[in-house]
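Please read all numbers here as calculations on a predicted model, not as lab measurements. Letters go in sequence order (proteins before strands), and every chain restarts at 1.
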Amino acid sequence: MISKQSLIVAKWEFLRFFKWKQQLISYLLMVLVMAAVVAWSFFVDESRHQYRIAVPAHFTLENTEQFQFQRPTITLEEQLAQLKSTETWHAVVSEEAEAIVVHTLSGKKWQQTLDSELQKYFRQVYGQSQGLSAAQLATLEEPVTLEMRYLDDNYKGSDRPEKMIAIGLLFLLLIGLSTAFGQLLMSITGEKQQRVTEQLFAIVTPQQWIDGKVLGHSLSAMKAMFTTSLVIVLSTVITLLFIADKPVDFTWLNWAVIAWLVPFALAGLLLCACFMAAIAASIDDPNTSGKGVVMMVTWLPLLFTYLVIDSPTGFGMTLLSWLPLTSFAAMPVRLAMVELAWWQPLLSLLLLLGTLYWLRRLAGRIFLRGMQMYGKEPSWGDIMRWALSNKTE
Amino acid sequence: MRIAVSAIEKAYATVQAVRGVSFTIEPGEIFALLGPNGAGKSSIIRMLVGMTLPDTGTIQVEYQQQRYNHIPRRQLGYLPEDRGLYPDKSVEKNLLYLAQLHGLSKATAQQQMSHWLEIFELTERRHEDLKQLSKGNQQKVQLIAAVIHRPAVVILDEPFSGLDPLNQEKVVAFLKELRQQGMTVILSAHQMAMVEKLADRMLLMAKGKVVLAGTLAEIRLQAQPKQVVLIETEQTVSEDSLASVLADEHWQWQSSHSFSVTLANSTDLTHCLQRVLGSFTVRAVTMQAADLHQLYVSAMAEHQQGSAA
């Protein structure tokens with residue numbers, strides 16, 4: 001299936017972008033950025049401050065942790081003068097014919113909380129004026145609890161952890177595809193520009209070469225997905241243990257889904273990498289070519305799957321999970337949200353592998369011709385003609 | 001490995017790059033392709049490597065009783081015109097990668113690499129990135145990459161470019177060593193002095209066509225069929241004396257003690273010398289053979305005149 005030469009190319013390509021030191025530094029920088037965001041949020045958090053609010057004498061508002069309501073005996077004009085000149089008040093509330101007016105020096109975030117407090121207070125006031133009891137008021141305040149009950153036993157529910165797993169899978173695949181996209185574009189067009197192409201052409205066949213490249217960069221993308229998962233898991237553990245002070249619980253994780261994700265993700269990445277490698281081989285100069293954008297077509301399966309994620313048993317998701325060009329994204333998501341017979345993911349995976357074999361040969365043909373072109377970019381017509389030809393050497 | 005190229009033609013979109021070129025390369029010889037830019041040398045090399053196929057004509061490669069339409073990859077070492085290695089990887093990593101792709105085990109690859117690095121005095125720089133090396137040293141690494149797997153045929157496109165005279169001599173010695181080891185070397189170059197020292201046979205090309213072909217002696221004969229001999233005498237010679245002694249010869253007075261005679265063939269030389277010795281005491285006789293550079297320039301000039309006409 002895959003030659004020794006392809007494995008050597010794959011190892012080379014994988015290690016070419018495997019730089020632990022740089023990766024650790026980038027993760028460290030990411031943690032520092034997150035720490036800076038948290039520190040800034042804490043620094044500018046207005047909820048920890050207490051605000052003095054002047055209200056009319058007949059307002060029976062109770063003080064909260066954030067707001068201290070006072071009822072001064074001086075006139076409104078005097079209150080407003082104090083608001084302007086001193087630190088006596090943070091806001092002055094007055095009553096006018098049609099509205100309640102809140103006077104402040106300028107807009108601040110804490111005023112939204114004050115707005116909520118005042119709204120709540122006036123709902124109570126109006127309720128009491130209508131003769132409603134405290135229990136009746138509480139009933140009105142409480143939203144109705146709507147519970148969905150599904151009769152299809154295979155459907156695991158849309159608001160359970162399974163949906164989080166499904167979204168997480170799509171996110172990880174996006175990370176993988178983005179990694180493969182960047183590396184393949186850089187590696188293939190770079191080699192063409194540095195004329196490594198001719199050297200390698202004299203040593204390995206184009207098919208061996210594309211096989212190695214596609215495998216190497218797909219494994220690199222898998223590594224990116226794995227390290228991202230690891231960072232997410234570690235961050236969650238640290239947040240739970242040291243910030244939220246809660247026990248770590250991963251019992252909601254569905255290991256069977258994760259076990260299926262690995263072959264689907266790898267086959268999907270290989271499939272997309274074949275397509276991306278073929279397109280990249282036809283690019284002469286990445287700075288001026290418009291073909292690089294076409295490589296992003298490989299992100300469409302993720303987008304299509306996301307759009308039907310709330311209907312995992314619907315026609316759209318079922319179709320996507322069987323189509324070989326989209327199943328790598330849709331089938332793991334469907335597996336996460338719907339109970340499926342074992343043969344369904346297996347058959348879908350086999351279809352995907354069959355398509356991968358076909359696309360690999362097709363990409364090899366485009367790769368062969370694309371690599372031979374210097375200083376001139378082939379047209380889409382040329383690419384189609386190469387794809388449909390039988391020439392692989 | 002024997003290579004027979006027969007009447008190959010190759011056209012690109014608007015250019016006829018190769019026009020009916022034929023030649024053979026025997027095992028263990030150094031064969032040079034010469035010609036100005038756009039002569040079609042690189043197109044021929046790409047066809048020999050198998051990157052492109054001829055539009056018409058054939059390339060037949062015989063190796064170990066098998067026939068191929070290009071040089072088999074495992075038996076080929078190639079130095080492209082536009083150098084192709086990874087500049088941000090070390091010398092060692094570049095060489096080991098290519099050697100392993102050629103099918104060498106890691107141990108053999110390391111052994112071969114050490115051997116060639118020693119020869120090219122690059123051992124101490126093996127861990128440096130390629131981009132840190134001078135152009136000449138990068139060229140040496142590229143040469144090592146082409147021969148590290150000891151192929152039957154080595155194709156070197158402009159192997160002397162970027163090298164100083166001292167290193168050019170080293171490359172000449174290196175290529176002679178390859179020939180001694182039985183490798184067939186095909187090279188294209190502009191440095192005629194180097195090619196003259198090295199090549200067993202050569203092909204001079206212009207605008208996709210063969211202008212001259214053969215060994216250096218054969219090319220001389222084709223380009224300069226008449227030989228010129230310079231004769232120096234003890235006594236003074238005048239134009240009048242020459243006119244009487246060499247009445248039916250093409251002679252030219254050079255100085256009071258020397259003159260040249262243009263001969264149609266080698267038998268004329270004996271005849272001419274007999275007549276000269278009858279009248280003068282000869283101090284020295286020198287055959288005035290044009291070097292490859294002169295032959296190349298005159299052949300190209302003739303070709304251009306012919307094309308213009």
Side-chain angles (χ1 to χ4, degrees), chain A residues 3-19 22 183 186-213 216 281 284 367-379 382 386 389-393, chain B residues 12-15 42-43 45-53 68-90 93-106 109 130-131 138 141-143 145-146 148-149 151 153-157 186:
Chain A
S3 69
K4 193 183 166 194
Q5 264 70 19
S6 298
L7 291 175
I8 294 169
V9 174
K11 186 183 168 193
W12 174 266
E13 294 294 331
F14 180 76
L15 292 176
R16 221 173 134 189
F17 294 93
F18 194 89
K19 293 175 177 169
Q22 278 90 329
Q183 290 185 359
M186 197 193 301
S187 148
I188 292 176
T189 56
E191 278 181 12
K192 276 187 90 174
Q193 289 185 321
Q194 287 164 1
R195 302 296 195 242
V196 180
T197 309
E198 274 192 44
Q199 177 79 64
L200 291 179
F201 221 101
I203 306 174
V204 291
T205 66
Q207 191 65 58
Q208 287 173 326
W209 194 7
I210 196 171
D211 286 349
K213 271 201 177 297
D284 189 58
F367 197 70
L368 162 72
R369 302 299 193 86
M371 282 299 187
Q372 292 171 329
M373 296 195 85
Y374 297 107
K376 183 187 165 215
E377 212 164 275
S379 66
D382 289 334
W386 299 343
S389 76
N390 289 322
K391 191 175 156 66
T392 52
E393 266 283 3
Chain B
Y12 298 111
T14 54
V15 186
S42 291
S43 294
I45 284 178
R46 285 193 179 129
M47 286 187 270
L48 290 173
V49 171
M51 285 183 69
T52 54
L53 295 173
Y68 305 88
N69 63 355
H70 61 80
I71 300 164
R73 286 191 171 89
R74 279 293 170 94
Q75 296 307 324
L76 172 66
Y78 181 43
L79 173 84
E81 184 182 7
D82 299 301
R83 310 303 179 228
L85 288 176
Y86 297 91
D88 55 349
K89 293 284 175 190
S90 70
K93 280 184 181 169
N94 266 295
L95 290 175
L96 286 180
Y97 175 53
L98 294 178
Q100 285 180 287
L101 275 183
H102 276 300
L104 265 60
S105 69
K106 197 171 179 184
L130 201 69
K131 63 187 173 199
Q138 286 186 28
V141 177
Q142 191 82 48
L143 278 168
I148 195 164
H149 57 300
V153 178
V154 188
I155 296 183
L156 309 169
D157 209 349
I186 303 167

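- A donor-acceptor contact under 3.5 angstrom links the side chains of A:Glu198 and B:Tyr78, judged on distance only.
- The CD atom of A:Gln5 sits 4.5 Å away from atom CZ of B:Arg74, with the distance rounded to the nearest 0.5 Å.
- Looking at B:Arg73, its side chain does come within 3.5 Å of a backbone N or O of A:Phe201 through a donor-acceptor pair.
- When the candidates B:Leu98, B:Ile155, B:Ile71, B:Val49 are compared by the number of heavy-atom contacts under 4.5 Å with chain A, B:Leu98 comes out ahead.
- In this structure, B:Tyr97 OH and A:Glu13 CD are separated by 5.5 Å, a value rounded to the nearest 0.5 Å.
- Classified by interplanar angle (parallel below 30°, tilted 30° to 60°, perpendicular above 60°), the ring pair A:Trp12/B:Tyr86 is tilted.
- Contact record, B:Lys89 with A:Leu15: NZ-O, 4.4 Å, taken as the closest heavy-atom pair.
- Between the side chains of B:Gln142 and A:Gln199, at least one donor-acceptor pair of N or O atoms lies under 3.5 Å.
- If you take CG on B:Leu85 and CG on A:Leu200, they are separated by 9.0 Å, rounding to the nearest 0.5 Å.
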